[in-house]
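Heads up, the thing below is written out as structure tokens.
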Amino acid sequence: MNGLRHLMTPMDFTVDELERLFDKAIDIRNDPAAYRHVCDGRILATCFYEPSTRTRLSFETAMLRLGGQVIGFADASSSSSVKGESVSDTIRVVSCFADICAMRHPKEGAAMVAAAKSGIPVINAGDGGHEHPTQTLTDLLTIRSLYGSLSGFTIGLCGDLKFGRTVHSLVKSLVRYSGIRFIFISPPELRMPDYMRDMLDLKMIPYEEVIRLDDCLPDLDLLYMTRVQRERFFNEEDYVRLKDFYILDREKLSRARENMHILHPLPRVNEISVDVDDDPRAAYFPQVQYGLFVRMALIMTLLDMTDDHMNKGLLKW
Ligand code: CP
């Protein structure tokens, strides 16, 4: 796509490239001062047509901590999309102002449409129920850091597996590593889509589908909880019926292994009780911090910043 490197899906990076990205993220965490001026003079645009706390703020913080600056909109209603401007036109305009863009949109494929017309790297910050690649980079880095490896574990993914873009991106990424067993925990209405299960069948990756969380908890090395997403439902009645299907609380957690890590892309609603937050297995707030470091590493990678740029603040303009 126009000779630029974009991020539409985590599969846009090879496993080796991901390793380098994660190593860079850890280096940034260990020595943030060394990266303070890497992006001096660079501008990140955040074009968010859908609400966000973590993704938008962590992208903006990432660019600010690299010495760059940030422009953008946090709400479609404050952009000219309400006047009918297309995503293609918006990105052509944003390309005149910024060096890189993170875009979130409720429609699947919107970031891809933008990338096709963009003069700057575009990062898919979530497109409808399709993909959320930077959440997956966050999740993979968190798992690698906590578990010590991206291979050889049993992971339970629980909640909205039908509309959950984070679980789709994560599963597609994890199948590239060895010895991973998936347990999909959902009500039948929110089970993993056919195309995902077909992909796993084709690759002969072991997975099970269960309805009750309690039954499989003792088997898990990692539990990835997700929220039932009100905004993806076509009617309120179905949402209300399913929204509290899973609630992980201290009592349930007593059935899990002492070293099982609990991840969640957040936001959380009721699916993890706040009394779990102090449990050493709860990793969802440290996970947010890993998201910042990996987005800093990603911005550097897509802007093709080498270590030569460190501490020098090389200007593009
Ligand atoms: N995990 C995540 O995408 O959170 P936000 O919707 O707050 O960005």
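One-based numbering, in listed order, for ligands and for the atoms of each.
Within the 4.0 Å heavy-atom criterion, the part of Leu266 lying near ligand 1 is the backbone and not the side chain.
If you number the atoms of ligand 1 from 1 as listed, the ones under 4.0 Å from a heavy atom of Thr55 come out as 2 (C), 3 (O), 4 (O), 5 (P), 8 (O). Atom numbering of ligand 1 starts at 1 in the shown order; those under 4.0 Å from a heavy atom of His132 are 2 (C), 3 (O). Close approach of ligand 1 to Gln135 is summarised as follows: ligand atoms under 4.0 Å from at least one heavy atom of the residue are 1 (N), 2 (C).
You'll find the side chain of Lys172 stays beyond 4.5 Å of the side chain of Ser169, heavy atoms only. With contacts defined as side-chain heavy-atom distances shorter than 4.5 Å, the pair Met260/Pro218 does not qualify.
At least one N or O atom of Thr53 sits closer than 3.5 Å to an N or O atom of ligand 1. Considering backbone and side-chain N/O of Pro267, none are found under 3.5 Å from N/O of ligand 1.
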Under the side-chain contact (heavy atoms from CB on, under 4.5 Å) criterion, do Ile100 and Ile43 qualify, and how do the steps go? CA-CA 7 Å; Ile100 186 165; Ile43 295 175; over 6 Å; no
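The side-chain contact (heavy atoms from CB on, under 4.5 Å) check on Lys203 picks up Val175, Met199, Ile205, with sequence neighbours excluded.
Proximity of a side-chain donor or acceptor of Ser118 to a complementary backbone N or O of Ala114 within less than 3.5 Å is not detected.
Among all non-hydrogen protein atoms, the one lying nearest atom 6 (O) of ligand 1 is Arg104 NH1, 2.9 Å. Ranking the protein heavy atoms by distance from atom 4 (O) of ligand 1 puts Arg54 NE, 3.0 Å first.
The ring of Phe73 has its center no closer than 6.0 angstrom to the ring center of Phe48.
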